[in-house]
Amino acid sequence: MFVMLLGLLLTGMPLAFVTLLVALIFALGWFGPMAVPLITSRIFSFVNSFVFVSVPMFVLMASILDRSGIAKDLFDAMRVVGGRLRGGVAIQTLLVAVVLAAMSGIIGGEVVLLGLLALPQMLRLGYDRRLAIGVCCAGGALGTMIPPSIVLIIYGLTASVSIGDLFTASFLPGLMLASFYIAYVLIRAYLNPDIAPIPEPDEIPTKEKLRLLKGLILPILVVFMVLGSIYGGIASVTEASAMGVLGVALSAVIRGEFNWELLKGASLQTLSTVGMIVWIGIGATALVGVFNLMGGINFVSGLIIGVSDNPTVIVLVMMLILFVLGMFLDWVGIALLTMPIFVPIIRELGLDPVWFGVVFAMNMQVSFLSPPFGPAAFYLKSVAPEGISLGEIFRSLLPFIAMQVLALAILIAFPGVTGRW
Amino acid sequence: QEYSFRFQSSDPAGNANFILQKSWAEDVRERTGGKVAIELLPVNTIVAHTETQDAVAAGIIDGHFTDTSYFAGKEPAFGLIANPVGAWSDPQQMFDFMENGGGKELMNSLVEPYGLHFIGATTPGLEAFVSKVPLDGVDDLKGIKMRAPEGMVQRVFAAAGAVPVNLPGSEVFTSLDKGVIDAADYTVFSTNHEQGMHDIAKHPVYPGFHSMPLVEVSMNKTTWESLPADIQATLEQSVSDFARRQVSTLAERDAVAVAAAAADGVTVHDWSAEERARFRAIAKGEWEAAAGASDASARVYSTLTKYLSDNGLLE
Amino acid sequence: MASDSHDFTNERAGPTSAPPEAGTLGKIIDRLGIVFAIAILSSAAILNVEVVLRYAFNSATIWAHETVIFLTASSFVFGGLYVAARNAHIRVVLIYDLLNIKMRRLFDVVISVICSFSCAFFAWASWQSVSRAVWTPEGHIRIETTGSAWDPPTAGLIKIFLFIVLILLCVQFAVLAFNYFRKRDG
Ligand code: NA
Ligand code: NA
C-alpha cells in the first residue's frame, strides 16, 4: 500500500487523488465494490465537522492581510524592531507563529497564513529561501504543540486522560521546540550573514522608523482581540478565528483599503486554498478508513507485541513506528491506528500517559514535515510563490525535522520537561 | 471459529465503556466455544459514529455498539427512544422495558427497515452534568450557557430556561475552561473526572437528572438471519448480561470517582426528589411534541407511556 | 541583495483562472466559485453574530453553528472541483519535470483518465448513501436532518451535493483528458 502510494505520487498525479485512488484500489481489491461507500462516507464526515471551520477563517485572514498593505507594513516594522539582530525577521516570524499557535488548535490555517505573509516578505528582504521556507512550515506546525491543540484533545479523549493536564504538560516542550528553531536561525545567520541580511546602519532614518512602526499597531490589536476572546471566555477557539477575520477586515477599513475587489479576491483565494488542502485531508481520511478495515490496528499491534521487555526499547520501537506511519498517513489516522495499542502498554509499563500524550504530539510535529506525506509542506505549497517546488520545501525542512527529533529525544530522556516529575 | 464479525463502537479506545465492550466480545467467544469471534473497533476507525448505521446495512462492518440518538436525523423516533429525557430514574427500568415491556420489538420495528437487527440494549447509566456554577434545582438553570448536543436534551433544557450552545465534543473542554459555556451535558461521572472536567468545573450534578442514553447493540439483518438459533440466543443473552455488568461496573467506578472528587475540593450536587420531578415534568411536555414528528415517533410515544403508566412510573 | 531581489509578493501558485483544457465546464465551475467564496465570508459573519448574541445578549442561537458547518462543508466539497477545474491541485512533479513535452502530454492524459474513473466509482458509492439520506425505507422522500434541536436537512443536502460534485469531477477530468489528448494529435 505504501509502495503504491509512493509510486503514484511520483507520477505527478494530484496528491489528493493519489491517496483516494490507493484507497479505492485496496477497497476494491480486498473487499470488492461494497466497501467503496466507506470512502465517500468518510469524505462526508470529514467535511461536515465544525473543527475545520477555522481553516478557511485563518486563510481568509491571511489573504485579507496580504491583499491590503497590512502584511507588508507589518514586516517592514518587524525589520525595524529586529534592528541589527541577524535573522531578526525570521525570529519574529517564529514568535508570530507561537502567538498564532496560542490562538488555534490546528495547523492548516497557520502554515497557510505564514506562507502567504511571512514567506514572500522574508524573500523580499533577501533571506535564504530554504531558511524562510523551513521557518514558515515548522513555525506553522507549532499550532498543535502549544495549547489549545486538537491533537492533544483527541489523544485525551482516546486515552481517557485529563486534557487540562495535557495542555499544561505540552506548554514547555512546545516552547522548547520553538526556541530550538530560534537558536538555529541565530546560529545559521551569524555563521553565514548572507542568508539573513540586516538593514545597514543609517539605512532607515529615525523618523521613517517611527512611521514604519505604526504598521505594528493594527495587527497587535487583532491579536489581542482574538486571544482576548479565547482566554477571556468570550468565544470558542473556532469562533475566535472568525473574529480574527472581522478584525483584519476592520483594519483594512481603517486603512481605507477595504473594497469589494479586495474581499472578492481574498475569498476566492481562500476557496481555492481550502479546496487544495481539504482534499488532501479527504484523501488521507479515505486511506485510513480502508487501512483500518484491512486490519491496520492488528498490523500495528503485531509490530509491537512481544518485541522486548525493556521499557526503553518498547518506547523507542513505538517512536520508530510513529515516524514511519508519519511519513505516509495524517495524524488522525495515526492516532486511530496506534493509540488503542500504545496507551495500554504505556500504562502497563507504569509510564505516565500524560507525558506520552506530549511525546505523541511531538511525534506528530515530525509527521507534519516528513516526506513523502508531509501536510505542512503541502499547505505551504498551496500558497507558495511560483518556482518553489515540493522537493525544495522538503529539503528545506530536513534541519527542522532534525530539531524536532532532538526535542523528542529530550522529552523521552528527561520527562521532567513536561513539569510532571 | 465459524463466524468472524467486526463491530464498531461509538466510544474511543481508552474509554471505560469501550474496554467493557471488549470484554463482551471475549464473553461471546467463550460462550460459543470459539465459534463466534467479534473484533471490536473504537469510534471512527472505519466510519464516523453518525455513519455506522449505513455501514452496517451495507455490510462494510457487521455490527455496532452505539447511542441510537445519533440516527435521529434519519428518523426522529431514534431520538425519542434513545433518550426520553427524564423517563428513567434507574437503568433497570429501561432494561425491563426493553425485555418485557415491548421495547425490543419496538426497536426492531424501527431498525429492521434500515437493514439492521437489534440484539439488545445497554447504557452507561445516568449521565452526570458538568458545571462551573452551583446548580441545585431547575431555577438555577435559568440563563446558564450549556452545551447539549442532541435534539431532545437541547429542547428540554431550553424549555427549562437554559441557553443551549451547540458545540462538538472536542471543543467542550476549552470552552468550559475559558467560560464560553458554564455547563455541559457530557458523559458519566468517572470519565468526566478522568478527563479533568472537574478540574475546571467544580460543581458537577450527580447522579444526573437529565439523560440516560440507550446504547444499542445491533448487527446486519441478513447476517443475523443467517445465524443458527442457538447462536442468536447466546448473543442476546450475552448482551443482556453485559448490560447489567456495565451498569454495575460503571456505578462502582463512579462511586470511587465521586469520593476522589470530593477529596479534591469538588462540590458534588445531588438534586432533591422534588427538583427532579419538576425537571421531568418539563421534559414530558417535550415528549409529546417529539411524538408528532413521525408515525414511528408516535408508536414510540404510545409504547413508552403505556409501559410507564402500567408500572406506576408515570404519575 | 535585499533591495533588488526578485519581488515574490505578486506571484502565486497555480493559474488564476481555468486553463483552456478545462473546457466550457471548467469556465462555468470557475464562475461559480464566487458563490462558495461568499459562503465562506458568510460563515465568518455568522460566527461573529453568534458570539455577540451569546456574549452580549445571552441568547445563543440554535442555527449559527449548523449553518456554518453547512456553508463551509459545501465550500470544502466545491473547492476540490474548483481547484480541479483550474488544474491547480498539488502534485509532485519530480519525475514529470524530467519528461519531454510528448511524454508529459501522455502522463496528463493517463492521469486525467484515471482520476475520472475513480471519481465515477466514488459517485456511484456516494449514490448509496444519498439513497439512504433522501428516501425513507418506505420510499417517502425525507432528507436526512442533523437530529439537533433545530434539525435542518443539511446532512442530507451535503450528501446530495457531494454526489453532484463527484459526478462533475468525473466529467471535468474526462474533459481534461480529452483536451490533452486532442492537443497531442493536433
Ligand atoms: Na495551539
Ligand atoms: Na509526514
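So you know, we letter chains A, B, ... as the sequences are listed, proteins then strands, and number each from 1. This structure is a prediction, so every number in the text was calculated from the model and none was measured. Computed over heavy atoms, backbone and side chain alike; hydrogens, waters and symmetry mates excluded.
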Chain C interface, residue from A:Phe17, A:Phe52, A:Phe46 that has the most non-hydrogen pairs under 4.5 Å: A:Phe17
Residue, of A:Ala286, A:Ser49, A:Pro33, A:Gly281, that accumulates the most heavy atom pairs under 4.5 Å with chain C: A:Pro33
Heavy-atom pair of closest approach, residues A:Ser236 and C:Arg54: N-NH2, 4.2 Å
- request: State whether the side chain of A:Asn48 and the backbone N or O of C:Ala73 hold a donor-acceptor pair below 3.5 Å, judged by distance alone.
  value: no
message: Counting heavy-atom pairs closer than 4.5 Å to chain C, which one of A:Leu15, A:Thr238, A:Leu24, A:Val36 comes out on top?
response: A:Leu24
query: Does the pair A:Trp279 and C:Val83 meet the rule for a side chain to side chain contact (heavy atoms under 4.5 Å, CB included), with working shown?
result: CA-CA 10 Å; A:Trp279 277 72; C:Val83 180; over 6 Å; no
- prompt: Among C:Trp127, C:Tyr55, C:Phe70, C:Tyr96, who wins on heavy-atom pairs under 4.5 Å with chain A?
  reply: C:Tyr55
field: Atom group of C:Trp124 that falls short of 4.5 Å from chain A, counting heavy atoms
entry: side chain
- request: Rounded to the nearest 0.5 Å, what's the gap from CG on C:Leu166 to CG on A:Leu20? Could you check?
  value: 9.0 Å
- prompt: What is the distance from atom CZ of C:Arg132 to atom OG of A:Ser41, rounded to the nearest 0.5 Å?
  reply: 11.0 Å
query: Which heavy atom of C:Thr72 sits nearest a heavy atom of A:Pro56, and at what distance?
result: CG2-CG, 4.1 Å
A:Pro14 versus C:Cys115, closest heavy-atom pair with distance: CD-SG, 4.5 Å
task: Might you confirm whether atom CZ of C:Phe117 has over 12 heavy atoms from other residues, nucleotides or ligands at distances under 6.0 Å?
output: no
- request: Check whether C:Phe122 gets within reach of chain A through its side chain, its backbone, both or neither, counting any heavy atom under 4.5 Å.
  value: both
task: Quick one: pull up CZ in C:Phe78 and CG in A:Leu271 and give me the separation to the nearest 0.5 Å.
output: 6.5 Å
message: Can you tell me how far apart CD1 (A:Ile43) and CG (C:Leu162) are? Round to the nearest 0.5 Å.
response: 5.5 Å
query: Which bit of C:Arg104 is near chain A, if near means a heavy-atom gap under 4.5 Å: side chain, backbone, both or neither?
result: neither
field: Contact leader toward chain A among C:Ile69, C:Asp108, C:Ile46, where contacts are heavy-atom pairs under 4.5 Å
entry: C:Ile69
Any side-chain heavy-atom pair of C:His65 and A:Glu239 under 4.5 Å: yes
- request: Heavy-atom distances under 4.5 Å only: say whether A:Leu9 touches chain C with side chain, backbone, both or neither.
  value: both
field: Portion of A:Thr273 that has a non-hydrogen atom of chain C nearer than 4.5 angstrom
entry: neither
- prompt: Does any heavy atom of chain A fall under 4.5 Å from the side chain of C:Ala155, the backbone, both, or neither of them?
  reply: both
message: For a side chain to side chain contact (heavy atoms under 4.5 Å, CB included) check, start with the C-alpha distance between C:Ser126 and A:Phe44, then their side-chain angles and the critical distance, and finish with the verdict.
response: CA-CA 9 Å; C:Ser126 143; A:Phe44 163 75; over 6 Å; no
- prompt: Which bit of A:Pro372 comes within less than 4.5 Å of chain C, counting heavy atoms only: side chain, backbone, both or neither?
  reply: neither
Contact class of A:Leu28 relative to chain C, heavy atoms under 4.5 angstrom: side chain
task: Give a yes or no on whether C:Leu98 atom CG has more than 12 heavy-atom contacts from other residues, nucleotides or ligands under 6.0 Å away.
output: yes
task: Give, as side chain, backbone, both or neither, the part of A:Ile280 having an atom under 4.5 angstrom from any heavy atom of chain C.
output: side chain
field: Contact class of A:Val47 relative to chain C, heavy atoms under 4.5 angstrom
entry: both
- line: Interface check, chain A: of C:Val110, C:Val77, C:Val68, most non-hydrogen pairs under 4.5 Å belong to C:Val77
C:Leu169 versus chain A, the contacting section by heavy-atom distance below 4.5 Å: side chain
C:Glu66 versus chain A, the contacting section by heavy-atom distance below 4.5 Å: neither
- request: May I have the step-by-step check of side chain to side chain contact (heavy atoms under 4.5 Å, CB included) for A:Val245 and C:Leu47, ending in yes or no?
  value: CA-CA 10 Å; A:Val245 173; C:Leu47 284 173; over 6 Å; no
- line: The interface call for A:Met57 against chain C, heavy-atom contacts under 4.5 Å, is side chain
message: Below 4.5 Å, heavy-atom pairs only: which of A:Val274, A:Ile234, A:Leu10 has the largest tally toward chain C?
response: A:Ile234
statement: If one checks every heavy atom of C:Phe107 against chain A at 4.5 Å, the contacting part turns out to be side chain
Point-to-point distance, once rounded to the nearest 0.5 Å, from CZ of C:Arg91 to OG of A:Ser389: 14.0 Å
field: Audit row: A:Ser267, C:Leu41, side chain to side chain contact (heavy atoms under 4.5 Å, CB included) steps and yes/no
entry: CA-CA 7 Å; A:Ser267 55; C:Leu41 289 176; 3.8 Å; yes
message: Does A:Phe31 have more than 12 heavy atoms from other residues, nucleotides or ligands lying within 6.0 Å of its CZ?
response: yes
field: Point-to-point distance, once rounded to the nearest 0.5 Å, from OG1 of A:Thr270 to CD1 of C:Ile40
entry: 5.5 Å
